[in-house]
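Computation of the quantities below employed the complete heavy-atom set of this structure, encompassing side-chain atoms and omitting hydrogens, waters and symmetry-equivalent molecules. Small disclaimer: the values here were computed from a predicted structure and weren't measured.
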Amino acid sequence: MKTTEKQRIGHTKEISDEERVTIIEESSKTVGRSIFFSVIIMIVSFAPVLFLTGQESKLFSPLVLTKTFSLLGAALLAITVSPMLARIFVKGRLVPESRNPVSNFFVRIYTPVIRLCQRFKYVTLAICFVLVAGSTPFVLNLGTEFMPPLDEGSLLMMPVTLPDVSNAEAKRIIQIQDRILKSIPEVENVLGKAGRAYTATDNSPMAMIETIVVLKPKSKWREGMTKEKLIAEMNERVSIPGVVVGWTQPIINRINMLSTGIRTDVGVKVFGSNLDSLFILTAEIEKALRGIDGLTDLYLEQLTGGKYLNIKINREAIARYALSIEDVNMVIETALGGMILTNTVEGRERFTITVRLAQDYRNDLDEIKRVPVQTSSYGVVPLSALADITVVEGPPMINSENTRLRGTVLFNVRGRDMGSVVNEAKAKIDEQFKKLPKGYYIQWSGQYENQVRAEKRLMIIIPITLLVIGIILYITFHTFREVIIVFVSVPVALVGGVYSLYFYNVNFSVAVAVGFIALFGVAVETGVLMIAYMNDSIKRLVGSKSETSQVIEKEDLHNAIFEGAVPRVRPLLMTVLANILGLIPILISTGTGSDVMKPIAIPFVFGLVSSTIFVLVVLPVFYQVVREYELKKTGTLKVLDIEE
């Protein structure tokens, strides 16, 4: 064809400077508007990420802001500095595209493909429809989660015992489990803690144990060992009757507890006004959730079972010994709680001196009953003679949220995506608890709460973003036809990303959504530029036919679209290869952080491949079908005004 013939090498001396500037100006007008609005579309397409909140906003906003400012600079440079630089530096030898060996190589491959697709246009479009329709089952069966789990290089084991566990028993459990964990070859160090730290912000009871397990580098692990297998082996070894073990990671555990109040991946919160009723409901929910595939570390937060020392003063007895309630309370406070006697100064530090019974006496009910109480007239009498001393059961901890009492069922998700597990769990609970008592309700929390929040926000922002992009496209083309062509063709461009998620076994998450958003912007940008090139070719066709008063034939239209598409081969491949090569390090990375970055890169890279094929092959064919219909209906072709 004419576009594949080798043209001679020219020189700017062959034309006047005014003519050279005019050519640069006309060329800038041809693509300047399209390039500017394409970049603006890419910027707008990232808007949904900027409107996210919580963890996802903190994680992805810096990425989006960096790219946004870079694109803004590129858009301004494309319409201001680039034409000026072209006027200054585009001088001397002018090597035509047909003499570029790299371009010629790809054009020789592209020419028969596009010609074949132009000839069998409806077959080409049918194949595209089949590819899009074939991705539907993959989309429907795609797992969902909030964020890909980040491998922190360590584990957090959280055994939970009965609420009335003693300090000595909690210490013994820690020592046994830590000794077992340290014997596993993949474990570097183990550090366990029971109860809470000396701070009011840590409300952990003595029954909640936390053990940080620092792992060795994976190069030192046994052959074939994975993190899932390691957790399963550890869980089996440290199992103790009466102790429920949960597995998570230190950083994500703290994030979950601070943001949602749940120390596992997912939690079912039950709100109500009575602790006993809440405990019954949570126990039934815990029973209903058993046996769900992928649901692990199921634990019911205990609302009963706490032990309390109840001392009820006998008013008649203390009156008999001429004592007041304040006198007896003072003895109880001193013996059990401790009384501050004085202060001591050691260097620059000041300490209080407190006196109370030794721990062995305080832990023994009989010894507490024998606590001596001094009377004024009757000598020393035991505390049991003045009060009824018993041990009663009560709530080990009272949790409330939004002024309502709260009970919780906790569980983690392993071996399956979070969305499927929670949906199955919700279906079971909705089936068994169709009607709750008045004033009681259920709320799902944890990572699933963050996932639902992000999905709801994206469902609102993405349609608004698409509307804004549609307005920008209309401003670019001045016609709704091209806007519809771009939007209809985008699913074909994104289909590669959908298939890649299935074959890489990646669940849909906020990170994957960010990857698709980036891909959407690139797909729209390349589509707009391809339409601009083909429109420019049609403009030349219409101009040449008008000068000779000839009728535009269908074959003329085919050649014009072909000649408009061929110049886009090298620029498009350069853009795509630059993006792919830049993301290859992420695809092959295995270090910390790759778990989060790979779900962004996978749909973007493989979507770029399908987007490139679509823009070079399918979009020209689709555009040809639309223009053929216009030519058949009106007998002429309308040229889009996209240069001003």
Next on the checklist: If the condition is salt bridge (charged side-chain N to carboxylate O under 4.0 Å, His left out), which residues does R172 pass it with, not counting sequence neighbours?
Outcome noted: E169

Checklist entry - Side chains of I231 and T296: does their closest heavy-atom pair fall under 4.5 Å? => result no

Checklist outcome for this item: Interatomic distance, CG@L59 vs CG@L52, rounded to 0.5 Å, equals 10.5 Å

Next on the checklist: Could you work out, with side chain to side chain donor-acceptor pair (under 3.5 Å) as the rule, every residue matching S135, not counting sequence neighbours?
Outcome noted: none

Next on the checklist: Is a donor from one side chain sitting under 3.5 angstrom from an acceptor on the other, for Q451 and E455?
Outcome noted: yes

Item to check | Derivation and outcome, side chain to side chain contact (heavy atoms under 4.5 Å, CB included), residues V413 and Q447 | outcome: CA-CA 10 Å; V413 177; Q447 288 286 313; over 6 Å; no

Next on the checklist: What I want to find out is whether E424 reaches R416 closely enough, with some N-O distance under 4.0 Å, to be called a salt bridge.
Outcome noted: yes

Checklist outcome for this item: So CZ of R406 and CD1 of I398: to nearest 0.5 Å the spacing works out to 12.5 Å

Item to check | Result of checking R222, K229, K220 against E186 for side chain to side chain contact (heavy atoms under 4.5 Å, CB included) | outcome: R222

Next on the checklist: According to ring-ring contact (aromatic ring centres under 6.0 Å, His included), who are the partners of Y299, at least two apart in sequence or on a separate chain?
Outcome noted: none

Checklist outcome for this item: Sequence neighbours excluded, the answer for side-chain contact (heavy atoms from CB on, under 4.5 Å) partners of L295 is L289, I292, L298, F411, V421

Next on the checklist: If the condition is salt bridge (charged side-chain N to carboxylate O under 4.0 Å, His left out), which residues does R179 pass it with, not counting sequence neighbours?
Outcome noted: none

Next on the checklist: For a 4.5 angstrom cut-off between non-hydrogen side-chain atoms, does F508 reach D417?
Outcome noted: no

Checklist outcome for this item: Quick note, ring pair (Phe, Tyr, Trp, His ring centres under 6.0 Å) partners involving residues 267-293, not counting sequence neighbours, are F271-Y441

Item to check | Set of residues satisfying ring-ring contact (aromatic ring centres under 6.0 Å, His included) with respect to Y502, sequence neighbours excluded | outcome: F138

Checklist outcome for this item: For K193 and I174, the nearest pair of non-hydrogen atoms, with its separation, is C-CD1, 3.8 Å

Next on the checklist: What I'd like to find out is whether the side chain of V514 reaches to under 4.5 Å of the side chain of F604, using heavy atoms alone.
Outcome noted: no

Next on the checklist: So, applying side chain to side chain contact (heavy atoms under 4.5 Å, CB included) with E301, which one of K269, M397, R263 is it?
Outcome noted: R263

Item to check | Interatomic distance, L155 atom CG to N253 atom CG [nearest 0.5 angstrom] | outcome: 12.0 Å

Next on the checklist: Could you tell me if the side chain of I252 sits less than 4.5 Å from the side chain of M147, heavy atoms only?
Outcome noted: no

Next on the checklist: With side chain to side chain donor-acceptor pair (under 3.5 Å) as the test, pick out the partner of W247 among N412, D297, N235.
Outcome noted: N235

Next on the checklist: Can you pull out every side-chain hydrogen bond (donor to acceptor under 3.5 Å, both in side chains) where at least one residue sits in residues 599-615? Sequence neighbours excluded, please.
Outcome noted: none

Item to check | Cationic N near anionic O, under 4.0 Å, E56 to R453 | outcome: yes

Checklist entry - Can I586 and V605 be said to form a side chain to side chain contact (heavy atoms under 4.5 Å, CB included), step by step? => result CA-CA 11 Å; I586 297 178; V605 169; over 6 Å; no

Item to check | Whether Y499 and F503 hold their rings parallel, tilted or perpendicular, with breakpoints at 30° and 60° | outcome: parallel

Item to check | Salt bridge present between R290 and E286 (N-O < 4.0 angstrom) | outcome: yes

Checklist entry - Do the side chains of E449 and I262 get nearer than 4.5 Å, heavy atoms only? => result no

Next on the checklist: Can you tell me if N505 has over 12 outside heavy atoms packed within less than 6.0 Å of its CG?
Outcome noted: no

Checklist entry - Is atom CZ of F129 surrounded by more than 12 heavy atoms (other residues, nucleotides or ligands) closer than 6.0 Å? => result no

Item to check | Non-hydrogen atoms of L230 and I184 that approach each other most closely | outcome: CD1-CG2, 3.9 Å

Item to check | Atom pair CG (L608) and CD1 (I613), whose distance is rounded to the nearest 0.5 Å | outcome: 11.5 Å

Item to check | NZ (K287) with more than 12 external heavy atoms under 6.0 Å | outcome: no

Next on the checklist: If we ignore hydrogens and angles and just use 3.5 Å, is the side chain of N402 paired with the main-chain N or O of R404 as donor and acceptor?
Outcome noted: no

Item to check | Atom OH of Y361 with >12 non-hydrogen neighbours under 6.0 angstrom | outcome: no

Item to check | Working for side chain to side chain contact (heavy atoms under 4.5 Å, CB included), residues T408 and T282 | outcome: CA-CA 7 Å; T408 313; T282 53; over 6 Å; no

Checklist entry - Does some side-chain heavy atom of T144 sit less than 4.5 Å from a side-chain heavy atom of N507? => result no

Checklist entry - When rounded to the nearest 0.5 angstrom, what distance separates CE in M597 from CG in L587? => result 10.5 Å

Next on the checklist: My understanding is that only residues two or more places apart in sequence, or in another chain, count here; which of them pass ring-ring contact (aromatic ring centres under 6.0 Å, His included) with Y504?
Outcome noted: F606

Item to check | Student check: side-chain heavy atoms of I429 and W444 closer than 4.5 Å | outcome: yes

Next on the checklist: With rounding to the nearest 0.5 angstrom, report the CG to OG distance, N450 to S509.
Outcome noted: 13.0 Å

Next on the checklist: Can you give me the closest heavy-atom contact between I212 and P250, atom names plus distance?
Outcome noted: CG2-CG, 4.3 Å

Next on the checklist: Please list all pairs meeting side-chain hydrogen bond (donor to acceptor under 3.5 Å, both in side chains) that have one or both residues in residues 147-156, counting only residues at least two apart or in different chains.
Outcome noted: D151-K218, D151-K227

Next on the checklist: Restricting to side chain to side chain donor-acceptor pair (under 3.5 Å), what partner residues turn up for S61, sequence neighbours left out?
Outcome noted: S57

Item to check | Residues in side chain to side chain donor-acceptor pair (under 3.5 Å) contact with S273, at least two apart in sequence or another chain | outcome: none

Checklist entry - Taking the side chain as C-beta and beyond, is there a heavy-atom pair between K182 and D178 under 4.5 Å? => result no

Item to check | More than 12 heavy atoms of other groups within 6.0 Å of F51 CZ | outcome: no

Checklist entry - Are I285 and I442 close enough, and set up right, to give a side chain to side chain contact (heavy atoms under 4.5 Å, CB included), and what steps lead you there? => result CA-CA 10 Å; I285 290 174; I442 293 174; 3.9 Å; yes

Checklist outcome for this item: Nearest heavy-atom contact between I173 and T161 is CD1-CG2, 3.6 Å

